[in-house]
Amino acid sequence: MRDMGETKTIPWVLEKKKRHQKITMLTAYDYPLASLVDAAGVDMILVGDSLANVVLGLASTTEVGMSEMIHHAKAVRRGVKQALLIGDMPFESYQSDTVRAVDNARRFVQEAGCHAVKLEWFDRCLEVTERIVKAGIPVMGHVGLTPQTAEQLGGFKVQGKDADSAGRIIDDAKALEKAGCFSLVLECIPSPIAKIITEELSIPTIGIGAGPDCDGQVLVTHDLIGLFDRFKPKFVKQYVDSGALILEGLKRFRQEVEEGQFPDVPHSYSMNPEELAHLKKCE
Ligand code: KIV
């Protein structure tokens, strides 16, 4: 469908839904991981505010702000060649003031080179989405479990389990499409609800804990590669245990240094023996 050398675009992602081809999205927060995710051919890279948990060791995503997000998004940008890059708007960067929301969205594009921003559902998010889209910045919405306001939703729980709340999520999703979102993350909702939303919207749905019928799937990369074990939601699938591999390498380093096996000759610089003899004579 595309040449691997060329950057993916929003029309390209929309076209994937039309063709019933699954869309992939993963998070990245720094240059090395972004380079790997991009080299794997993943369609979209999200600089998620999950940065707070999996990189900065904080308890909540509400604890990161614009400066951290922009700093990490810039590093990610340097590793991205082909994926669509999305900056996740952090808590309080878009909720309290619409003008500030547009300014902050613009920072992701101008300073960090993102192609789009993502924001979570809240009561005024339709107005904010419309303003950001009007400023020429594509917006990805996020409904269901919205971690920045998880406390108001009763904690980190599956959302939309009864008909009323499911109906509200479906309405929110439709309203976000109408407000101009190019795509929606559906987090932690029953699979049948995600299926209804996916069928009723013309924009792609990207699931995380939303079952197999979404147009695409996102995971937090640190969960997928085994670099974060403080909590593991049911929807996480760990594909490799890089944490164990890294630990093994670190332990071997410690052991070899302690036992005098490293650094050895192949990892050291030599000197012309005559120069060395001359030096010693002069000392
Ligand atoms: O911050 C994040 O990583 C996210 C994804 C879980 C969608 O919002």
Side-chain angles (χ1 to χ4, degrees), residues 13 22-30 33-34 37 42-66 68-73 75-76 83-95 104-105 108 112 114-122 125 129 138-150 153 156-159 169 172-173 176 181-189 194 197-198 203-211 214-225 227-228 230-238:
V13 169
K22 292 280 186 183
I23 300 161
T24 51
M25 178 160 106
L26 285 174
T27 62
Y29 318 93
D30 58 21
L33 208 54
V37 173
V42 169
D43 296 325
M44 299 194 277
I45 295 183
L46 173 71
V47 187
D49 63 355
S50 48
L51 164 77
N53 310 117
V54 303
V55 172
L56 302 179
L58 297 165
S60 163
T61 56
T62 57
E63 295 178 58
V64 282
M66 279 302 292
E68 288 107 327
M69 292 301 298
I70 295 291
H71 176 79
H72 284 267
V76 169
L84 191 78
L85 182 60
I86 300 159
D88 203 5
M89 296 198 66
F91 185 60
E92 277 309 322
S93 70
Y94 58 100
Q95 289 95 338
N104 283 329
F108 274 104
C114 290
H115 302 111
V117 295
K118 177 172 86 60
L119 50 84
E120 296 185 6
W121 175 269
F122 74 106
C125 72
T129 299
V139 176
M140 173 180 271
H142 184 155
V143 298
L145 176 62
T146 44
Q148 292 175 7
T149 45
L153 302 172
F156 284 79
K157 289 185 182 149
V158 180
Q159 302 294 308
I169 295 171
D172 294 349
L176 278 168
C181 283
F182 77 92
S183 173
L184 277 192
V185 167
L186 309 182
E187 179 161 355
C188 256
I189 60 173
I197 296 173
T198 302
I203 57 171
T205 59
I206 310 295
I208 175 160
C214 295
D215 298 304
Q217 177 66 34
V218 56
L219 278 180
V220 168
T221 302
H222 285 57
D223 290 335
L224 179 165
I225 62 174
L227 272 189
F228 184 71
R230 215 167 64 200
F231 50 84
K232 188 171 181 276
K234 175 183 158 90
F235 58 73
V236 166
K237 181 169 177 185
Q238 187 183 310

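For ligands, and for the atoms within them, numbers begin at 1 and follow the listed sequence.
- In this structure, the side chain of Ser183 engages the main chain of Pro204 through a donor-acceptor pair within 3.5 Å.
- Taking a 4.0 Å cut-off on heavy atoms, Glu120 fails to register as neighbouring ligand 1.
- Annotation for Leu58 and Asn53: closest pair O-ND2, 3.3 Å, computed over non-hydrogen atoms.
- Ligand 1 places these atoms under 4.0 Å from at least one heavy atom of Val220: 3 (O).
- If you check the side chains of Gln148 and Asp49, you find a donor sitting under 3.5 Å from an acceptor.
- For Asp43 (side chain) and Ile23 (main-chain N/O), no donor-acceptor pair under 3.5 Å exists by modelled atom type.
- Summary of contacts: the protein heavy atom closest to atom 6 (C) of ligand 1 is Ile208 CD1, 3.6 Å.
- The protein atom (non-hydrogen) at minimum distance from atom 2 (C) of ligand 1 is Ser50 OG, 3.2 Å.
- Listed by number with element, the atoms of ligand 1 under 4.0 angstrom from any heavy atom of Thr27 are 3 (O).
- Ligand 1 places these atoms under 4.0 Å from at least one heavy atom of Gly48: 1 (O), 2 (C), 3 (O).
- For the residue pair Ser50/Thr27, the side-chain donor-acceptor check at 3.5 Å is not satisfied.
- Here the protein heavy atom with the shortest distance to atom 5 (C) of ligand 1 is Leu46 CD2, 3.8 Å.
- A distance-only check finds a donor-acceptor pair linking the side chain of Lys22 to the backbone of Cys214 [under 3.5 Å].
- Judged by distance alone, the side chains of Tyr29 and Thr221 never bring a donor and an acceptor atom under 3.5 Å apart.
- Within the 4.0 Å heavy-atom shell around ligand 1 one finds Lys118.
- Those atoms of ligand 1 with a heavy atom of Asp88 less than 4.0 angstrom away are 1 (O), 2 (C), 8 (O).
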